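Report on one structure; see the data block that follows.
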Amino acid sequence: MIIYILKRILSLIPVLFVVSIAIFFIIHLTPGDPAATILGIEATQEQIAELNEQMGLNLPLYQQYIQWVSGVLQGDFGQSYFMKESVTEAIWSHLGPTASLAILAEIVALVIAIPIGIFAAYRRGTMVDQSLMGVSLIGMAVPSFLLALLLMLFVGVYLQWLPVAGYKPLSKGLWEHFQYLILPAISLGAIQAALVARMTRASMLEVLDANFIKTARSKGVYEYKVVLKHALRNAFLPILTVIGQSFGTLVTGAVVVETIFNIPGLGQLIINSIVRRDFAVIQGVVLFVSLIYVTINLVIDLLYGIVDPRVRLERK
Amino acid sequence: MKSKKISLVLALFVVVIALMGCGNKADKNSKSEGPGDAGNTEYKSEINVAVTAQPPTLDPSMTVSQVALNIAGNVFETLYTLNANYEPVPMLAESVEVSEDGKIYTFKLREGVKFHNGEEMTAEDVVASMNRWVTTSSRAKSLLTNAEFTVQDPTTVVLTLEKATSDVLIILATKAQFPAIMPADIVAAASAEGVNEYIGTGPFQFEEWKQDQYIHLVKNEEYQAVEAEASGLSGKKEAFVEDVYYHFVTDHSTRIAGIQTGQYDIAESIPLESYEQLNSSNDVKVHSYDGGALTAFYNTNEGLLSNVKIREAITTGLKMDEILLASFADADLFSLNPGYMNPNQTQWATNAGEGIYNAGDVEKAKQLLQDAGYNGEEVTLLTTKDYGEMYTATIVIQEQLRQMGVNVKVENFDFPTFLERKNDFAKWDIFVASTGYQLTPPQLLAVTPDWAGTKDPKITELLTAIRSAESPEVAQAKWDELQGYLYEYLPSSVIGHYKSLIASTNELEGFTVFEAPIIWNTKVIK
């Protein structure tokens with residue numbers, strides 16, 4: 001098992017290496033440079049050239065890449081051109097809001113989706129099943145920005161129940177923190193809820209037909225135990241995959257929702273950094289997010305082994 | 001079993017609705033925070049402003065970013081500033097004496113003015129700040145070449161100029177890259193990227209900058225106001241709130257929603273299409289103010305438009321009224337005027353160029369194109385969707401050029417790419433830009449060679465004549481002549497003038513807008 005984990009971790013290195021090359025060259029070959037953006041529309045070409053030199057952006061690309069990568073290997077992601085802080089500081093300060101938002105959105109998604117999925121599978125083919133799946137189809141089809149704007153207008157502006165935008169850290173109090181995140185979490189979680197609900201239903205359907213369920217029932221096991229213990233546990237593997245992937249998507253895909261609700265998370269950081277052509281920050285965030293993504297996938301793979309011991313045996 | 005499932009789902013909805021209910025209470029609580037002033041009306045102790053983006057710095061001499069300058073204007077003050085009529089009036093200076101040859105300006109400083117660090121402002125500080133500005137601000141470098149400030153005594157500062165010019169005080173009072181007065185040791189410690197500490201003399205002092213969230217200013221308890229009546233950026237300033245928050249809110253629908261719910265007291269850069277909607281709301285006020293000029297810039301250096309006859313033909317065919325209506329939607333929000341300068345700044349208002357401006361004569365344009373030997377060459381319009389009005393205007397121009405028989409294509413990029421391509425003359429023929437007003441003709445981007453490539457000896461000559469004019473009337477006449485010439489040489493063509501919008505809640509008292517929302521002298525009713 002330990003060797004398996006080590007192998008999996010080692011296999012991440014080439015992935016991250018390729019990501020680092022891709023992101024570095026894509027960004028640097030994109031037109032528009034940080035100096036011109038920082039100096040604004042009225043800057044002269046001479047001033048732009050001067051600032052580029054100060055920031056080390058006139059060196060050949062491969063030299064800049066080597067400089068960056070050797071820094072990253074020593075834990076130094078570089079300095080933001082625009083913000084007066086290092087890239088590491090910028091990522092840390094923007095990570096909290098995104099993590100809070102993603103966790104809350106995942107909770108929203110799971111709390112809605114799993115009961116609905118189980119229930120729909122259990123009542124397969126009935127009106128209830130069809131209407132729940134119909135609603136989930138809408139959930140998948142409505143883009144999160146539209147839901148975000150609708151929620152903002154209805155709950156924020158019309159009912160004035162929750163603030164329309166902004167963010168307060170957890171240190172300001174639990175409610176202060178959560179009231180800013182509820183609407184974004186719903187907008188972000190809805191689409192995931194729909195996905196997870198459909199996956200749960202499909203997975204449960206397969207298991208509910210299996211012989212061991214019939215056996216359990218014939219042995220007189222309580223119905224709720226049959227569904228929640230016997231069926232759900234066996235149906236959980238594919239659901240876990242979807243949950244894992246959806247969490248990755250929540251972390252990386254919060255860009256639009258963070259912009260609309262003005263939450264200073266990683267999504268907003270990357271959008272702002274692209275607009276400012278703040279190369280060091282873009283590179284740092286993309287690399288960091290890739291790391292999160294591959295780590296989540298790794299954790300899911302390892303969890304497989306815990307949920308279903310057969311997986312573990314096969315890979316030994 | 002079934003009923004258990006149903007009750008689980010129901011319980012979930014109850015939880016969600018209960019959570020929303022809590023929001024209601026919390027919102028009401030938050031409205032009652034902060035101590036108010038005594039009297040019948042209670043006032044809030046903070047003001048929240050939503051701005052469009054995070055500025056790159058708050059060091060005024062380093063940036064032309066409007067957001068940065070608007071915020072920094074609360075923290076820093078200048079020797080001279082502008083009143084509501086765009087005239088330079090003293091702020092940190094008490095008075096000025098100008099030598100007969102116009103080359104030496106002696107400024108008497110106000111006494112007892114304290115910086116936010118508690119130290120009193122001296123001539124040393126002023127000289128250090130002003131000399132830094134003269135060398136770092138690109139504007140000061142080109143308009144006040146080799147100017148130098150020296151200390152005469154602790155309350156007197158002398159400015160020595162290479163050449164006498166008529167616009168010194170107004171340049172000192174200009175908002176873009178303004179010469180902020182700060183302590184000498186902070187100036188000395190400044191790096192190429194700007195100062196490390198924001199310490200000025202203004203009614204508010206810098207407290208905190210939360211990256212990508214907000215800038216927090218607090219009241220300067222020891223502020224020394226001048227006695228004169230408040231006007232524009234000048235006169236008596238009083239801080240009525242303890243805290244000012246400038247929130248960075250990039251999404252405009254969020255800024256609008258925030259002003260409707262009272263989460264923000266003021267929201268800048270309201271998109272013009274929301275004008276009607278907000279104007280009809282009872283809780284929100286919309287303030288319109290002079291925004292700037294929308295101008296089409298032609299490539300005089302390379303390609304088809306380096307031929308003045310082609311530029312003339314194109315300008316003859318353009319219908320500026322159509323472009324403006326499409327770009328600004330509401331007739332209240334734009335005006336037709338050939339002037340490059342702010343038409344409300346009476347000194348520089350002129351109609352020179354009226355004949356060709358907004359002629360909209362497509363047939364004549366076709367004829368002129370034919371006479372100029374136009375042979376179906378492609379004309380590239382460069383634009384960016386990041387500025388809605390610039391993009392819309394470009395699309396309308398594209399259609400109008402098509403009607404004149406010009407083979408035209410539009411290239412649209414994000415703003416940083418747009419900037420890069422604008423600086424490469426091989427890549428564009430025309431671009432439209434909305435730019436804020438300048439206070440004097442030599443500051444116009446349209447005559448700055450480094451900007452859109454306008455190089456012409458007659459323009460330079462007339463600019464020199466304006467600056468060295470012995471009286472305002474002579475300067476005015478020379479500007480009239482220059483604007484007339486700009487409509488002959490056509491390095492660019494003004495499309496029209498637009499208003500900008502700021503929204504505020506109805507709870508503000510004493511609030512004014514002069515180029516930007518003015519936070520001092522503003523009270524917020526609880």
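For clarity, every value in this text was computed on a predicted model and none was experimentally measured. Numbers restart at 1 for each chain; the letters A, B, ... are given by sequence-line order, proteins then strands.
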May I ask you to check whether over 12 heavy atoms, not counting those of [X], lie within 6.0 Å of atom [atom1]?
X: Tyr387(B); atom1: OH; value: no
X: Lys141(B); atom1: NZ; value: yes
X: Glu273(B); atom1: CD; value: yes

(request) Applying side-chain hydrogen bond (donor to acceptor under 3.5 Å, both in side chains), name anything that partners Tyr214(B), two or more places apart in sequence or on another chain. (result) Glu208(B)
Contacting moiety of [X], where chain B heavy atoms sit under 4.5 Å:
X: Tyr167(A); value: both
X: Met152(A); value: side chain
X: Ser93(A); value: neither

(message) Working to the nearest 0.5 angstrom, can you tell me the gap between Thr261(B) OG1 and Tyr158(A) OH?
(response)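 These two atoms lie 15.5 Å from each other.
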(request) Report the distance from atom CE of Met83(A) to atom CH2 of Trp209(B), rounding to the nearest 0.5 Å. (result)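 Result: 10.5 Å between the selected atoms.
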(request) Using the test side-chain contact (heavy atoms from CB on, under 4.5 Å), find all partners of Ser131(A) that sit at least two apart in sequence or belong to another chain. (result)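 Scan of Ser131(A) (side-chain contact (heavy atoms from CB on, under 4.5 Å), adjacent residues dropped) gives none.
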(message) Do Gln263(B) and Val157(A) have side chains that approach each other closer than 4.5 Å (heavy atoms only, starting at C-beta)?
(response)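 Gln263(B) does not reach Val157(A) side chain to side chain.
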(message) I want to check something: taking the side chain as every heavy atom from C-beta on, are Gln211(B) and Glu89(A) in contact at a cut-off of under 4.5 Å?
(response) no
(request) Tell me, for Pro449(B) versus chain A, whether the close heavy atoms (under 4.5 Å) come from the side chain, the backbone, both or neither. (result) neither
(message) Need one label for Phe413(B): side chain, backbone, both or neither, based on atoms under 4.5 Å from any heavy atom in chain A.
(response) neither
On a heavy-atom basis, which atom in [X] and which in [Y] lie closest, and how many Å separate them?
X: Asn262(A); Y: Thr250(B); value: OD1-N, 4.2 Å
X: Pro416(B); Y: Val275(A); value: CG-O, 3.2 Å
X: Leu149(A); Y: Ser253(B); value: CD2-OG, 3.7 Å
X: Gln160(A); Y: Gln260(B); value: NE2-O, 3.7 Å

(request) May I ask you to decide if Phe261(A)'s main-chain N or O and Asp251(B)'s side chain share a donor-acceptor pair within less than 3.5 Å? (result) no
(message) Whether the side chain of Thr254(B) engages the backbone of Ile260(A) through a donor-acceptor N/O pair (distance < 3.5 Å, no angle test) should be reported.
(response) yes
(request) Indicate whether the side chain of Asp212(B) and that of His94(A) have a donor and an acceptor atom separated by less than 3.5 Å. (result) yes
